[in-house]
Protein chains: 2
Amino acid sequence: MTARKRKAKAARAEPLTAPVEDYLKAIYAFERDSGAAATNDIAQHLSIAPASVSGMVQRLADQGLVSYERYRGVRLTAAGRRAALRTIRRHRVIEAYLVQALGYGWDGVHAEAERLEHAASDTLIDRMAAAIGEPVTDPHGAPIPTRDGTIDETPHQSLADAAVGTTTRVVRVGDEDPGMLRYLDALGLRPGAEVTLTQRAPFDGPLTLAIGSATCQVGAALASRVLVAAAGDD
Amino acid sequence: MTARKRKAKAARAEPLTAPVEDYLKAIYAFERDSGAAATNDIAQHLSIAPASVSGMVQRLADQGLVSYERYRGVRLTAAGRRAALRTIRRHRVIEAYLVQALGYGWDGVHAEAERLEHAASDTLIDRMAAAIGEPVTDPHGAPIPTRDGTIDETPHQSLADAAVGTTTRVVRVGDEDPGMLRYLDALGLRPGAEVTLTQRAPFDGPLTLAIGSATCQVGAALASRVLVAAAGDD
DNA sequence: ACGAGAATTTAGGCTCGCCTAACTTACTGC
DNA sequence: GCAGTAAGTTAGGCGAGCCTAAATTCTCGT
């Protein structure tokens with residue numbers, strides 16, 4: 001490696017590239033639920049070779065977006081977190097707008113938002129949000145960061161971990177897999193729905209659910225992608 | 001230069017990159033009004049060094065998007081024209097949507113559309129178009145190509161070339177310069193407006209116009225960016 | 001406490017798009 | 001018909017992001 005000193009922490013207002021925004025989003029998520037993002041996790045999430053992640057992470061550190069100790073994982077700096085939340089806000093506002101204003105199904109919006117989030121201006125995002133009444137969550141129940149970077153990251157229990165016999169309210173579901181979303185929709189497992197876990201088969205077996213008057217069985221993997229709160233909760 | 005034969009005319013369905021789409025749009029426009037696009041024109045239009053254009057044009061030719069003879073200018077192939085029109089459609093539908101559905105002013109939409117056109121899916125464009133009633137022109141009067149690549153390229157006379165004493169109807173204005181658009185708007189020079197050219201100062205001097213009950217003077221440069229048709233015309 | 005295996009980084013390469021500098025071709029006026 | 005200039009191309013380079021293969025470093029179980 002040749003010298004790579006330059007001015008660490010340049011951090012001009014140059015707009016971030018799409019790959020950079022994608023890395024920051026991924027790092028944000030892993031850091032939120034694991035304390036720090038592992039190279040391998042980032043690589044897998046972005047479908048990139050781990051070696052490439054090392055290189056990019058160096059560049060992110062040079063830009064002051066990330067703090068990084070070799071072999072020790074990656075963490076966002078304040079600037080990096082700000083950028084990540086801005087991208088996440090874009091993504092989720094776009095998803096909400098596409099569903100509420102343009103008649104998209106909730107299974108199709110992720111891919112579209114994944115591209116638009118890198119191209120939309122702050123003005124556009126704000127106008128979209130205003131047009132649909134300043135939504136607080138996206139169509140999958142994920143919280144939308146505010147303009148100034150505040151986000152409600154209250155952790156939620158997964159349906160897979162609920163106690164048998166309890167009734168819970170769906171808060172949020174995974175947003176990436178369109179097929180899964182269509183299936184969840186068919187079952188009625190949408191944010192806001194009340195679900196009673198009536199039975200859990202042993203060895204990570206299927207769960208039996210009551211949703212309204214219907215009953216169904218879902219695998220543990222699917223249930224883990226459904227986040228819930230106590231039925232009465234806010 | 002190393003060998004560069006590969007398979008000319010690869011032309012997979014791989015999505016085109018943003019720079020490629022920008023080149024195709026530019027080439028389309030220059031070819032339309034000059035018969036072929038000159039390297040220098042493309043370079044200036046895209047704010048790129050002429051040498052870089054040579055390189056890119058080679059790549060476009062390799063991809064079968066452009067036909068190219070050294071020193072002789074560039075022309076779109078059928079595939080290239082199709083791609084260019086698709087991008088132009090995206091751009092103009094987005095502009096129209098931003099104005100009609102999200103309250104943008106006509107001076108702000110170009111920059112936004114310039115980025116979004118590379119990220120929006122065909123589905124999104126079609127939904128946007130449907131949401132605002134399948135517009136036929138963008139906010140500046142430019143014709144929107146149809147889904148299948150048809151476009152009305154009827155050439156129009158510029159206001160700068162109109163005969164003194166005639167009344168014409170504004171058909172279309174340049175879309176790139178926000179400041180100019182705000183000024184045109186203040187003058188009432190919007191598509192659909194009727195303008196009478198009452199006087200033309202010699203030596204490319206200012207034109208005197210009557211727009212409704214108002215009168216104003218504009219420079220020849222500005223007038224050349226305003227396209228008009230005979231007042232009664234379709 | 002040490003070695004196996006997993007995680008990570010380094011080394012070396014590639015493509016795309018861009019740049020500057022230097023050269024070549026085409027065109028124009030005389 | 002030939003020189004000067006404008007237009008265009010080639011040569012050589014660079015950074016961003018990606019890759020594979022080959023080191024490293026860390027971690028964990030025994």
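Chain identifiers are assigned alphabetically (A, B, ...) following the order of the sequence lines, protein sequences preceding nucleic acid strands; residue numbering begins at 1 within each chain.
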- Item | S54(B) side chain near dT10(D) phosphate (N/O to OP1/OP2, under 4.0 Å) |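 The answer is no; no side-chain N or O of S54(B) sits under 4.0 Å from OP1 or OP2.
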- Task: Tell me whether the OP1 or OP2 atom of dC18(D) has a side-chain N or O from Y23(A) closer than 4.0 Å.
- Result: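 Checking dC18(D) against Y23(A), a side-chain N or O does come within under 4.0 Å of OP1 or OP2.
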Return the value, rounded to whole Å, for the distance between atom [atom1] of [X] and atom [atom2] of [N].
X: Y68(A); N: dT25(D); atom1: OH; atom2: P; result: 13 Å
X: Q58(B); N: dG17(C); atom1: CD; atom2: C1'; result: 14 Å
X: Q63(B); N: dT15(C); atom1: CD; atom2: C1'; result: 12 Å
X: L60(B); N: dC18(C); atom1: CG; atom2: C1'; result: 14 Å
X: Q44(B); N: dG8(D); atom1: CD; atom2: C1'; result: 15 Å
X: E69(B); N: dT25(C); atom1: CD; atom2: P; result: 15 Å
X: R59(B); N: dT9(D); atom1: CZ; atom2: P; result: 14 Å
X: R70(B); N: dT25(C); atom1: CZ; atom2: P; result: 8 Å

- Query: Is there any ring pair (Phe, Tyr, Trp, His ring centres under 6.0 Å) pair reaching into residues 70-109 of chain B, and which pairs are they, with sequence neighbours excluded?
  - Reply: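 For residues 70-109 of chain B: H91(B)-H110(B), W106(B)-H140(B).
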- Pick from R90(B), R127(B), R89(B): which one makes a salt bridge (charged side-chain N to carboxylate O under 4.0 Å, His left out) with D122(B)?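 Answer after filtering R90(B), R127(B), R89(B): R90(B).
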- Do E117(A) side-chain atoms and I88(A) backbone N/O form a donor-acceptor pair below 3.5 Å?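 No: the side chain of E117(A) does not pair with the backbone of I88(A).
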- Query: Does E95(B) reach the main-chain N or O of A113(B) with its side chain, forming a donor-acceptor pair under 3.5 Å?
  - Reply: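 Side chain of E95(B) to backbone of A113(B), a donor-acceptor pair under 3.5 Å: no, none is there.
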- Query: Which residues satisfy the salt bridge (charged side-chain N to carboxylate O under 4.0 Å, His left out) test with D107(B), sequence neighbours excluded?
  - Reply: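 By the salt bridge (charged side-chain N to carboxylate O under 4.0 Å, His left out) rule, D107(B) matches R182(B).
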- Message: Applying the side-chain contact (heavy atoms from CB on, under 4.5 Å) criterion to V74(B), which one of L60(B), D41(B), V57(B), V53(B) satisfies it?
- Response: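 Of the listed residues L60(B), D41(B), V57(B), V53(B), the side-chain contact (heavy atoms from CB on, under 4.5 Å) partner of V74(B) is V57(B).
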Identify the pairs formed between an N or O of the protein and an N or O of nucleotides 19-23 of chain C at a distance under 3.5 Å, and give each distance.
| from | atom 1 | to | atom 2 | distance (Å) |
| --- | --- | --- | --- | --- |
| dC19(C) | OP2 | A49(B) | N | 2.7 |
| dC19(C) | OP2 | S52(B) | OG | 2.7 |

- Message: Under the rule for side chain to side chain contact (heavy atoms under 4.5 Å, CB included), what residues qualify as partners of S52(B), not counting sequence neighbours?
- Response: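 Result, side chain to side chain contact (heavy atoms under 4.5 Å, CB included) vs S52(B): I48(B), A49(B).
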- Residues two or more places apart in sequence or in another chain: which of them pass side chain to side chain contact (heavy atoms under 4.5 Å, CB included) with V171(A)?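 Testing V171(A) for side chain to side chain contact (heavy atoms under 4.5 Å, CB included), a comparison that skips the adjacent residues, returns H156(A), R169(A), A229(A).
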- Query: CG of L16(A) to OH of Y23(A): how many Å apart, nearest 0.5 Å?
  - Reply: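 Nearest 0.5 Å value for the CG-OH distance: 14.0 Å.
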- Item | Proximity to DNA chain C (any heavy atom under 4.0 Å), residues of residues 26-42 of chain A only |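 When residues 26-42 of chain A is checked for heavy atoms under 4.0 Å from DNA chain C, the hits, listed by number, are A38(A), T39(A), N40(A).
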- Of the nucleotides dG17(C), dT27(D), dT10(C), which one has an atom closest to the side chain of R72(A)?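 Of all the options, the side chain of R72(A) is nearest to dT27(D).
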